[in-house]
> 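Below is one structure. I have some questions about it.
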Protein chains: 2
Amino acid sequence: MTTHNPDDLRVRKTRRSLQQALIRLILRKGYDSISIQDIADEAETARITFYRHYHDKEALLTDCLNDLYEDLTRRTERLTPQMLVNDQSPLHTFYVHIVEHETLYRILFSSRGSQTVMQRLRHHMAGFALSTLESLNRTPIGDIPVQVLAYHAAGAQIGLAMWWLDEGKPYPPDYMARIALWLSLHGALGAVGAIEPRIPPPILP
Amino acid sequence: MTTHNPDDLRVRKTRRSLQQALIRLILRKGYDSISIQDIADEAETARITFYRHYHDKEALLTDCLNDLYEDLTRRTERLTPQMLVNDQSPLHTFYVHIVEHETLYRILFSSRGSQTVMQRLRHHMAGFALSTLESLNRTPIGDIPVQVLAYHAAGAQIGLAMWWLDEGKPYPPDYMARIALWLSLHGALGAVGAIEPRIPPPILP
DNA sequence: AAAGTTATGTGACAACGTGTATCATAAAGT
DNA sequence: ACTTTATGATACACGTTGTCACATAACTTT
């Protein structure tokens with residue numbers, strides 16, 4: 001496969017066409033049933049041109065998702081301690097992003113969506129959780145691994161967002177963002193007002 | 001497609017062969033590169049026989065995973081308040097189950113796993129969270145919807161388990177079960193020892 | 001155990017998707 | 001204007017899919 005020059009106008013135009021074509025096709029008929037020929041037709045380009053830029057469908061999808069994540073990351077700001085209690089949290093950005101790209105998120109979350117997407121999203125959210133933890137400027141007690149903390153929170157956010165879309169967005173995005181953050185911070189016992197007794201965390205064996 | 005009698009010995013034998021063949025093949029060469037012919041060869045049956053029982057590869061995989069899910073449901077018990085602080089929680093059952101069926105869970109959690117089964121697993125975990133909340137015998141403060149609480153916790157558990165398998169099981173199952181439950185109960189602020197000030201939950205708009 | 005029923009095996013088929021090759025053409029870069 | 005390079009058109013070999021009849025084997029029923 002010839003290595004194309006990414007700065008060439010033709011190359012950039014072709015790749016952008018292919019990416020947008022894939023998005024449109026995913027919205028129209030789901031990911032799995034899409035063939036390379038479909039993408040080429042939709043992008044109004046030759047099938048062989050696809051192979052000159054991407055090895056397979058997954059590679060193109062990855063390219064698209066990178067853009068989506070870049071867009072999300074660009075908007076996501078670090079969480080400062082003061083921001084923990086107001087509406088300007090990165091989770092708010094997340095929920096607004098979901099609303100803006102609702103159809104796409106809906107398909108990615110559904111049974112027709114790709115699990116690869118979810119995995120990437122989980123890593124992304126875990127990274128956000130890690131930086132949030134850093135901004136708190138405290139280390140976990142009881143030798144709780146930070147990774148455990150991060151992926152616990154990441155899964156919680158994604159699972160909640162999936163439920164929210166499934167149910168047809170029963171609550172507004174800003175409420176979801178605040179309650180989601182609050183729950184991750186204070187836990188279920190905080191939610192039921194059972195603040196005592198505070199049981200110490202399990203110790204690593 | 002002829003409707004086969006599931007009680008017929010030949011049918012049960014064939015389906016079992018196909019299921020086991022798929023598992024073996026996934027172990028050997030991954031899911032994506034497996035063709036129907038491969039499955040038929042491995043199961044020592046004719047290719048057309050596959051089509052007489054399953055519509056496609058995904059259907060066979062779903063069948064395998066449904067069995068897994070049923071097995072987990074059978075073993076999962078309600079969480080009593082006393083069980084919250086010891087090792088006998090359903091989460092312990094969950095992690096032991098993952099270890100026992102590690103290969104299948106890897107598939108389920110991987111990029112090619114079925115999102116449908118994942119969705120069912122999420123609902124299952126959410127139901128478990130709901131019954132846990134009931135056993136606490138307290139209602140959430142600040143009008144927090146119980147569904148939000150449940151799916152927040154469910155996502156956290158599944159996300160954490162996925163990370164744990166991805167990382168090659170860096171901690172023992174019983175530690176994971178206890179830390180997972182503790183984190184859902186006490187939250188991230190509990191994990192960093194920041195118990196005050198206790199910020200009240202957001203109010204529904 | 002014999003007769004009837006039903007699942008499986010064989011071999012073949014068209015349709016489709018994939019990946020690659022060649023050569024001419026168009027569009028970019030210098 | 002000249003050179004370089006990406007794209008388009010066409011074709012090919014190959015593997016996979018889904019579906020036929022028809023014969024045979026295995027199971028169920030009496």
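A, B, ... follow the sequence lines: proteins, then strands. Residue 1 opens every chain. Side chains included, hydrogens not; waters and symmetry mates left out as well; all remaining heavy atoms used. None of the values given here were measured: they were computed from a predicted structure.
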> What is the distance from NZ of B:K13 to C1' of D:dA25, rounded to the nearest Å?
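After rounding, the gap between these two atoms is 11 Å.
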> If I take atom NE2 in residue A:H4 and atom C1' in nucleotide C:dG29, what distance separates them, rounded to the nearest angstrom?
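Checked: the NE2 to C1' distance equals 16 Å.
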> Under 4.0 Å between a side-chain nitrogen and a carboxylate oxygen: does that hold for A:K13 and A:D8?
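Judged by the 4.0 Å cut-off on N to carboxylate O distance, A:K13 and A:D8 do not form a salt bridge.
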> Where the side chain of B:T45 is concerned, which of C:dG9, D:dT17, C:dA7 is the nearest nucleotide?
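Shortest atom-to-atom distance from the side chain points to C:dG9.
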> Mind checking the CD-CD1 spacing from A:E42 to A:I34? Nearest 0.5 Å is all I need.
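It comes to 9.5 Å.
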> Grab the NZ-P distance between A:K57 and C:dT18 for me, whole Å please.
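Those two atoms, NZ and P, are 7 Å apart.
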> If only side-chain N and O atoms of A:T14 are considered, is one of them under 4.0 Å from the OP1 or OP2 phosphate oxygen of D:dA6?
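No, A:T14 has no side-chain N/O under 4.0 Å of OP1/OP2 on D:dA6.
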> Roughly, in whole Å, what's the span from CG in A:D32 to C1' in D:dT17?
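The answer, rounded to whole Å, is 16 Å.
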> Looking only at the side chain of A:D8 (C-beta and beyond, no hydrogens), which of the listed nucleotides C:dT10, C:dT20, D:dA6 gets closest?
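When the side chain of A:D8 is considered, D:dA6 is the closest of C:dT10, C:dT20, D:dA6.
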> Side chain of B:L9 only, heavy atoms from C-beta on: which candidate in C:dG19, C:dG17, D:dC27 is closest?
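My answer, after comparing the listed nucleotides, is D:dC27.
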> Mind checking the CG-SG spacing from B:L22 to B:C64? Nearest 0.5 Å is all I need.
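So the gap between those two atoms works out to 5.0 Å.
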> Over how many whole Å does the gap from A:D7 atom CG to D:dA6 atom P extend?
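Going from CG in A:D7 over to P in D:dA6 covers 11 Å.
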> Taking OP1 and OP2 of D:dA6, is either one under 4.0 Å from a side-chain nitrogen or oxygen of A:T49?
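No, A:T49 has no side-chain N/O under 4.0 Å of OP1/OP2 on D:dA6.
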> Roughly how far apart are B:L104 CG and B:D67 CG, rounded to 0.5 Å?
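Interatomic distance, B:L104 CG to B:D67 CG, rounded to 0.5 Å: 9.0 Å.
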> Expressed as a whole number of angstroms, how long is the span from B:Q37:CD to C:dT10:C1'?
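About 12 Å, once rounded to whole Å.
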> Can you identify which nucleotide, out of D:dT7, C:dA7, C:dT10, has its nearest atom closest to the B:N5 side chain?
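Closest nucleotide among those given: C:dA7.
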> Find the distance B:L18:CG to C:dG9:C1' and express it as a whole number of Å.
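Result: 14 Å.
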> Using only heavy-atom distances, decide whether a donor-acceptor pair under 3.5 angstrom links the side-chain of B:R52 to the base of C:dG9.
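Such a pair exists between side chain and base.
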> Which part of the nucleic acid, if any, lies within contact of B:D56, taking any heavy atom under 4.0 Å across all strands shown: a base, the sugar-phosphate backbone alone, or nothing?
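Result for B:D56 = nothing.
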> Regarding A:I36, tell me which of base, sugar-phosphate or nothing describes its non-hydrogen contacts under 4.0 Å with the strands shown.
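Since only primed, P, OP1 and OP2 atoms lie under 4.0 Å of A:I36, the category is sugar-phosphate.
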> Take the protein atom CZ of A:R47 and the nucleotide atom P of C:dG17, then report the distance between them rounded to whole Å.
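After rounding, the gap between these two atoms is 9 Å.
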> Under 4.0 Å: is that the gap between some side-chain N or O of B:H53 and OP1 or OP2 of C:dT8?
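So the side-chain polar atoms of B:H53 do come within 4.0 Å of the phosphate oxygens OP1 or OP2 of C:dT8, strictly under.
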> Let me confirm one number: the CD1-CG distance from B:I36 to B:D56, rounded to the nearest 0.5 Å.
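CG of B:D56 is found 7.0 Å from CD1 of B:I36.
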> Please determine, for the side chain of A:I48, which listed nucleotide (C:dA28, D:dA9, C:dT8) has the closest atom?
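Nearest to the side-chain atoms of A:I48, counting from C-beta on, is D:dA9.
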> Indicate, yes or no, whether a donor-acceptor pair under 3.5 Å links the base of C:dA27 to the side chain of A:R10.
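Answer is yes: a donor-acceptor pair is held.
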